[in-house]
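Okay, structure first, notes after.
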Amino acid sequence: MDFSLTKEQQNLQETLREFCLKEIMPIADKIEKEDKIPDDLITKMGRLNLFGIPFAARYDDLDGGYIGSTLVLEELAKASGAVAMLVSINYLAAIPIDLFGNEEQKKKFLTRLCNGSAIGSFAFTEAATGSDPQSIISEAVIDGKEYVLNGIKRFVTAADMDGIIVISVHDGKTISAFIGEKNIKGYKVTKTWDKMGMHGISLVDIELENYRLPLDSLLGKSGDGYNILLNTIAVGKLNTCAIMLGCMQSAMEEALKYARERKVKGKSMTQFQSIQTMLADIAVKVTAARWLTYRLATLVDRKQDIRTESAIAKIFVTETAAEVARLAFKVHGAYAYISDYKIERLLRDIYLGEIVEGSNEVQKAIVAGSLLNYVRMV
Ligand SMILES: Cc1cc2nc3c(=O)[nH]c(=O)nc-3n(C[C@H](O)[C@H](O)[C@H](O)COP(=O)(O)OP(=O)(O)OC[C@H]3O[C@@H](n4cnc5c(N)ncnc54)[C@H](O)[C@@H]3O)c2cc1C
């Protein structure tokens, strides 16, 4: 067991810190207010190979693995949760292609996702379900040399941005996954949701109406969709943990800064024992969450089965992030409620963690199922 980062990982962290300081922190408020990540920032992140880090050994020259991508998302999220989410959604589209795609599909789609020239999306959720794959009703049928997809996908991150989308649909018998291009014939964005947080990255519904894909768009085999979904989401939970880790580290820094600067009755707030206790509680929580996240990243890099481990980490890290945000919020007193203060944004961003990649209630069902030693479909 080795808890230290390698020289290369430390260099990556350092590069990211400089990049965030120069390129993201100065525009984080603008991203929040305008609800848009500038195109040139995406180009710069592509040049730095940030979109390809987990798959790098195979698709470009920077080998970071999942420890690398965890460090990337953590650093990006300290500056902007939305920017980190954009990168993580690219990973989420790339993961199933990396795990289940054939060489042709990897060449065609992964290269573009890894260099950032295509923005990825992953569409599972529908109006009737966010948790149960058996309830999916959008469907694919074969027509000659093509699949024809019809249906509506709800809450798809970045699905309005040009690029590549992995879609789970019913193929008549069971769930299958397909790789397609966004914004082509038969693909329509029907609603853009106004979210509570993570402003800068869009959340939309898409309608597929006679959306035609060549037969070689099928990922894996017909009926592999459920397995693809479970394995993709398992790694997706690592990305969520990494983003929440960055957000809570940022909340801790904001709480420390505020406590140091604010005077109450002429005394520094840091002299109050109650404030010290809150700061200590925050530090304990951030540290525990960090090591659970890094451990999960190590398991992914070792290609171990992480379906239960990722649920455990996701529950702990996202719930801890919410507790840290609340403590940091309390340290700020009334100013926490004012949107000029970063803690207000962090609290809103952090609340997402407990919902995405399967709600924490569903994660608890996975952990309990594993504990009770039976496999069950949740
Ligand atoms: C900002 C944002 C981004 C998102 N991005 C994407 C995306 O890119 N792609 C995508 O496909 N989806 C995305 N989603 C959707 C999201 O992943 C799901 O909506 C989420 O997993 C929960 O689904 P639901 O609320 O529809 O839950 P439902 O399935 O409707 O469940 C309702 C309630 O029942 C509980 N529940 C359900 N099943 C169980 C169970 N077995 N045991 C215990 N409790 C259970 C749930 O916890 C929930 O509280 C996004 C959502 C948000 C808010």
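Just follow the structure's listing: the first ligand is 1, and inside any ligand the first atom is 1. Treat the numbers as computed from the prediction; the structure is a model and nothing was measured.
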Checklist line | Contact summary for His199 and Ala82, nearest pair of heavy atoms | finding: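 Minimum heavy-atom contact is O-CB, 3.2 Å.
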Margin query: Ignoring hydrogens and geometry beyond distance, is a side-chain donor-acceptor pair present between Thr125 and Lys153 at under 3.5 Å?
Written below: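 Absent: no donor and acceptor within the cut-off.
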Check: Does any donor atom in the side chain of Thr318 or Asn360 lie under 3.5 Å from an acceptor atom in the other side chain?
Finding: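 There is such a pair between these side chains.
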N or O pair under 3.5 Å between [X] and ligand 1:
X: Gly130; answer: yes
X: Glu361; answer: yes
X: Thr157; answer: yes

Item checked: Spacing of Leu16 atom CG and Glu18 atom CD [to the nearest 0.5 Å] ->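 Nearest 0.5 Å value for the CG-CD distance: 10.0 Å.
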Checklist line | Nearest candidate to atom 6 (C) of ligand 1, where distance is taken over non-hydrogen atoms, out of Phe124, Phe155, Tyr351, Phe122 | finding: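 Nearest heavy atom to atom 6 (C) of ligand 1 lies in Phe155.
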Item checked: Lys78/Glu75 salt bridge by N-O under 4.0 Å criterion ->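 A salt bridge links Glu75 with Lys78.
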Run the numbers for me: atoms of ligand 1, each under 4.0 Å from some heavy atom of [X], listed by number.
X: Ser131; answer: 27 (O), 28 (P), 29 (O), 31 (O), 37 (C), 38 (N)
X: Gly358; answer: 21 (O)
X: Ile355; answer: 20 (C), 21 (O)

Next item on the list: Would you please classify the geometry between the Phe155 ring and the Trp193 ring as parallel, tilted or perpendicular, with 30° and 60° separating the classes?
Entry: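 Rings of Trp193 and Phe155: perpendicular, over 60°.
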Next item on the list: Hey, can you tell me if Tyr211 and Tyr187 have their rings parallel, tilted or perpendicular (30° and 60° cut-offs)?
Entry: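 Tilted: the ring planes of Tyr211 and Tyr187 meet at 30° to 60°.
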Item checked: Thr125 and ligand 1 - part of the residue with a heavy-atom distance under 4.0 Å ->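 Both of them.
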Next item on the list: May I ask you to identify, for Asp132, whether its side chain, its backbone, both or neither come under 4.0 Å of ligand 1 on a heavy-atom basis?
Entry: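 Asp132 to ligand 1: no contact under 4.0 Å from either part.
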